[in-house]
Amino acid sequence: MERYIVENINNYTYDFLASKVTKDRIEKASKYRYDVDKMRSLTVEYALNKLIKSEFPDAILPVMLTYDTFGKPSLTNNILNSEIYISLSHAGDYAVAMICDKPCGIDIESTDRNIEKIAKRFFSKEELESITCDDDYFKIWTCKESILKATGKGLAMGIDTFSINNNRCMVDNKIYLCEQIMSPSGYVISYAVLE
């Protein structure tokens, strides 16, 4: 099972979102300096709740999350009587959430910046040679970030410690599959799952 949801933060008001998420999320969002960042934070948890409710109609919302030492979120308890992995991301006007029955990661990035210099620093020679257009930089970057999330280690592992080949890569003797999904204009979304 691999399910994801994409939500535009502009579709909601702060008050609406605050009524649909946990107090912990409201507190976390309040620490952001800018309102748009607060909205992204609230929207990503709302998206997760909406996704869980669509897959598990009996789930009690909002779901409670805990975070490990690397910052990877997980459901606080097994309220769904099923092993569910989650991943969250937000950028620009969008928030994305993913649930899966295997370790997973999802990432969204806005394509409104030039990341060629970053790519030269963090992409492998093979990854750089596979680039044929500007969007390819973001496809590789979002795949790499998704894989970091799926491993549970995040940026502590280092984005330059592995290479993606044909939408697959091996990390710690485990193979991860990475795919792009339909993305809003000006964005790239990729997800990764343990094969």
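Here the structure is a predicted model, which is why all the values come from computation and not from measurement. Throughout, numbering of the chain's residues begins at 1 and tracks the sequence.
Other residues, nucleotides and ligands place no more than 12 heavy atoms under 6.0 Å from the CD atom of Glu27. Atom CG of Asn166 has 12 or fewer neighbouring heavy atoms from other residues, nucleotides or ligands inside a 6.0 Å radius. With a 6.0 Å radius and a threshold of 12 heavy atoms from other residues, nucleotides or ligands, Asp68 has its CG atom above the threshold.
Under 3.5 Å, the side chains of Asp15 and Thr13 contain no donor-acceptor pair of N or O atoms. At a cut-off of 3.5 Å, with distance as the only test, a side-chain donor of Glu7 or Tyr12 sits close to an acceptor on the other residue.
Taking the ring centroids of Phe16 and Tyr46, they lie under the 6.0 Å cut-off.
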Apply side chain to side chain donor-acceptor pair (under 3.5 Å) to Thr22 and Glu45, showing your working. CA-CA 8 Å; Thr22 60; Glu45 187 172 297; 3.0 Å; yes
Under the criterion side chain to side chain donor-acceptor pair (under 3.5 Å), I'd like the reasoning laid out for Ser146 against Ser190: C-alpha separation, chi angles, the key distance, then a yes or no. CA-CA 7 Å; Ser146 296; Ser190 296; 5.3 Å; no
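Remark: the backbone N or O of Ile84 is not paired with any side-chain donor or acceptor of Lys102 at under 3.5 angstrom. Counting only distance, with no hydrogens or angles, the side chain of Ser41 and the backbone of Asp37 share no donor-acceptor pair below 3.5 Å. A donor-acceptor pair is defined here as one N or O able to donate and one able to accept, closer than 3.5 Å; such a pair exists between the side chain of Lys53 and the backbone of Ala59. Between the side chain of Asn49 and the backbone N or O of Val63, at least one donor-acceptor pair lies under 3.5 Å.
Between Lys125 and Ser163, the closest side-chain pair of non-hydrogen atoms is not below 4.5 Å.
Cluster annotation: Phe138 and Ile140 are assigned to the same hydrophobic cluster (Ile/Leu/Val/Met/Phe/Trp/Tyr, side-chain heavy-atom contacts under 4.5 Å, transitive). Cluster annotation: Ile118 is connected to Phe123 through the hydrophobic network of ILVMFWY side chains, with a link wherever side-chain heavy atoms come within less than 4.5 Å. In the hydrophobic clustering of ILVMFWY residues, with side-chain heavy atoms under 4.5 Å counting as a link, Tyr94 and Ile189 come out together. Taking hydrophobic clusters as Ile, Leu, Val, Met, Phe, Trp and Tyr residues chained together by side-chain heavy-atom distances below 4.5 Å, Val6 does not share a cluster with Leu17.
Considering Lys38, Met39, Arg40 as possible partners of Tyr32, the one that fulfils the side-chain contact (heavy atoms from CB on, under 4.5 Å) test is Lys38.
Evaluation of the salt bridge (charged side-chain N to carboxylate O under 4.0 Å, His left out) rule for Lys144 yields Glu127 as partners, not counting sequence neighbours.
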